[in-house]
Structure formats: structure tokens, C-alpha cells
Participant: 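If you scroll down you'll find the structure; I have some questions about it.
In this chain, numbering begins with 1 at the start of the sequence shown. Reckoned from all heavy atoms, side chains included, excluding hydrogens, waters and symmetry mates. Because the structure is predicted, anything quoted here is derived from the model rather than measured.
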Amino acid sequence: MVRGIYLPADDREELVVRDFADASDYTRCVDGYFESVDVPDLGITIYVNEIGLLRRLPFNSRASFLWWYYVPAARESLLVGDAVIVGWPDADGESTDVPDAVLWLLTEPIEHGITVRLDNAPGSDVHPMSRLAQIVLPLTAGDPSLLMSSARFASYFDALAWALVLEQRWPEADGVKVVPLVEGRPRPDR
């Protein structure tokens, strides 16, 4: 058994943490033969339907945003249909459990924010009446060049989507990062 996450394409449906007995469980979840997409920074593999694009399966925004955020070279591709997330294969090529840190990241119902660096410019250089100040606020503690988005997101996936938009629409932004929040402040790394 491998502990993983079933991630429906319909983002109104909740993701489900479950045990998968073998590859045939992946096939059932993605409704056909599957292909794998790796996310090395998280140590996970995402399985999706191998011919999902040909079958015109619905866009899986959560799986795609997760992949695009951690693998920017993949941003020209789409993940469609229901997906399964598991840990990277072991030495025998068998899937492993999704890492606990990733499980926590994707399933904990906590607020998230986005931090940004602006070409190493200090956050105090952001004029309070500028358009930029409407999007980000300088952090009041820690690294003075780090800015925090004023927006707050109920899920990690929502924050990923906006981090990608911010990165694409704001070329000066550097080091865009999604962070869990505690009382409106970035949570220390777990």
C-alpha cells in the first residue's frame, strides 16, 4: 500500500488522502492508462491520464499549478483529468508514500500568502501610494528586501495560482514564494 492523494480535476471537489494498493488503482483513478509527471523539489510524482488531452478531459488546475510552480519549464503543458499524487519511486521503481511535508502542505486548511523580492530592492523603497503598494506590503520583521502580498488565500492551490500570475505579470518580481501564514505572518519552516 502506498499513501497518496487523489486530486479530482473538478476543483470544487475535495482532494482525498487514500491508500493505493497498486498501479491498477492509479488507472482507475485517472480513468485509463496513466503517465507520470515528476516534481523533483517536492519528491513527488503526479499520475494523469495518458491520453487525457486527446479525450478532452477537463483541465486539472490544482495539479497543473503545482507542477508549473515547481517546474517552470512545464508551463507550456497542461495536466488534465483526475490525478494521483504519490512519492517518488524507490530503487525498485515502486511508488512510495507522498512525503509528510507535502501531505501537510496540500491538505492543511491554513491560510497562505505570497512573498516577493524585487531585484533585491529593499521593501522600504515601496512608496505607500504606488500601485505596487496595493499588491504587496513590506514585511515589518526580517529581511528588508522581502515583500508580502496583501492578499491571503484559503488554500495552497489558490496561492499557487496567484503566485504564477504575479510572476508572469510582474517581471521585476524575483523569488516569488508561497508561504503558510500564522496570524497573518509567514510561518517558520516546518
Side-chain angles (χ1 to χ4, degrees), residues 4-5 7 11 14-15 17 36-46 48 59-79 83 85-88 96-190:
I5 299 171
L7 190 59
D11 57 3
E14 294 292 320
L15 58 83
V17 176
S36 62
V37 173
D38 291 329
V39 183
D41 288 354
L42 294 178
I44 62 170
T45 297
I46 303 172
V48 293
F59 176 60
N60 191 319
S61 62
R62 294 178 290 189
S64 293
F65 294 149
L66 183 65
W67 187 34
W68 296 342
Y69 180 76
Y70 287 99
V71 185
R75 292 181 184 168
E76 298 296 319
S77 302
L78 302 174
L79 296 180
I85 300 173
V86 294
W88 265 21
T96 60
D97 290 345
V98 70
D100 288 337
V102 174
L103 191 63
W104 179 87
L105 186 68
L106 302 183
T107 61
E108 275 300 307
I110 64 166
E111 194 174 52
H112 288 81
I114 299 171
T115 59
V116 178
R117 288 191 190 282
L118 291 178
D119 294 331
N120 298 320
S124 58
D125 289 348
V126 177
H127 190 277
M129 298 305 289
S130 72
R131 290 184 70 200
L132 175 59
Q134 296 171 15
I135 300 169
V136 295
L137 306 168
L139 287 180
T140 56
D143 186 342
S145 69
L146 191 62
L147 306 172
M148 167 70 71
S149 168
S150 57
R152 299 295 180 259
F153 305 94
S155 81
Y156 185 70
F157 293 106
D158 290 343
L160 285 177
W162 283 104
L164 290 165
V165 168
L166 188 61
E167 211 171 51
Q168 181 183 25
R169 303 291 295 163
W170 190 9
E172 297 83 20
D174 184 34
V176 175
K177 186 175 178 184
V178 174
V179 295
L181 301 176
V182 174
E183 297 178 7
R185 293 194 164 307
R187 177 188 169 123
D189 288 337
R190 286 177 37 88

Participant: Evaluate the side-chain proximity of L42 to W88: yes if any heavy-atom separation is below 4.5 Å, no if none is.
Facilitator: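 No; the side chains remain at least 4.5 Å from each other.
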Participant: Rounded to the nearest 0.5 Å, what separation is found between the CG atom of L160 and the CD1 atom of I114?
Facilitator: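 Answer rounded to 0.5 Å: 8.5 Å.
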Participant: Testing the basics here: between A83 and V48, what is the closest heavy-atom pair and its distance to 0.1 Å?
Facilitator: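 Residues A83 and V48, closest heavy atoms: CB-CG1, 3.9 Å.
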Participant: For S36, what residues pass the side chain to side chain contact (heavy atoms under 4.5 Å, CB included) criterion, not counting sequence neighbours?
Facilitator: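 Listed in chain order: T45, Y47.
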Participant: With rounding to the nearest 0.5 Å, note down the distance linking OG1 in T107 to CD in E14.
Facilitator: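 Reported value, rounded in 0.5 Å steps: 10.5 Å.
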Participant: Determine which pairs satisfy salt bridge (Lys or Arg N to Asp or Glu O under 4.0 Å) with at least one residue from residues 68-77, sequence neighbours left out, and list them in order.
Facilitator: R75-E167
Participant: Could you work out, with side chain to side chain donor-acceptor pair (under 3.5 Å) as the rule, every residue matching D97, not counting sequence neighbours?
Facilitator: none
Participant: If I compare all heavy atoms of S155 with all of H112, which pair ends up nearest, and what's the gap?
Facilitator: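 For S155 and H112, the tightest heavy-atom pair comes out as C-ND1, 3.8 Å.
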Participant: Check F157 against L15 and note the closest heavy-atom contact, atom names and distance.
Facilitator: CE1-CD2, 3.6 Å
Participant: Find the distance between CD1 (I85) and CG (L106) and round it off to the nearest 0.5 Å.
Facilitator: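 Answer rounded to 0.5 Å: 5.5 Å.
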Participant: Identify all side-chain donor-acceptor contacts of residues 67-74 below 3.5 Å with residues at least two apart in sequence or on another chain.
Facilitator:
{"unit_1": "W68", "atom_1": "NE1", "unit_2": "A74", "atom_2": "O", "d": "3.3"}
{"unit_1": "W68", "atom_1": "NE1", "unit_2": "S77", "atom_2": "O", "d": "2.8"}
{"unit_1": "Y69", "atom_1": "OH", "unit_2": "V178", "atom_2": "N", "d": "2.9"}
{"unit_1": "Y70", "atom_1": "OH", "unit_2": "Y156", "atom_2": "OH", "d": "2.5"}

Participant: Tell me which one of L7, L66, L78, I46 satisfies side chain to side chain contact (heavy atoms under 4.5 Å, CB included) with N60.
Facilitator: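 Exactly one option meets the side chain to side chain contact (heavy atoms under 4.5 Å, CB included) with N60, and it is L7.
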Participant: Taking all atoms of both residues into account, what is the closest heavy-atom pair of I44 and P99, and its distance?
Facilitator: CG2-CD, 3.8 Å
Participant: Going by the rule side chain to side chain contact (heavy atoms under 4.5 Å, CB included), which residues pair with S61 if we only count those two or more places apart in sequence or in a different chain?
Facilitator: D11, F59, F65
Participant: Who passes side chain to side chain contact (heavy atoms under 4.5 Å, CB included) against E108, sequence neighbours left out?
Facilitator: W104, I110
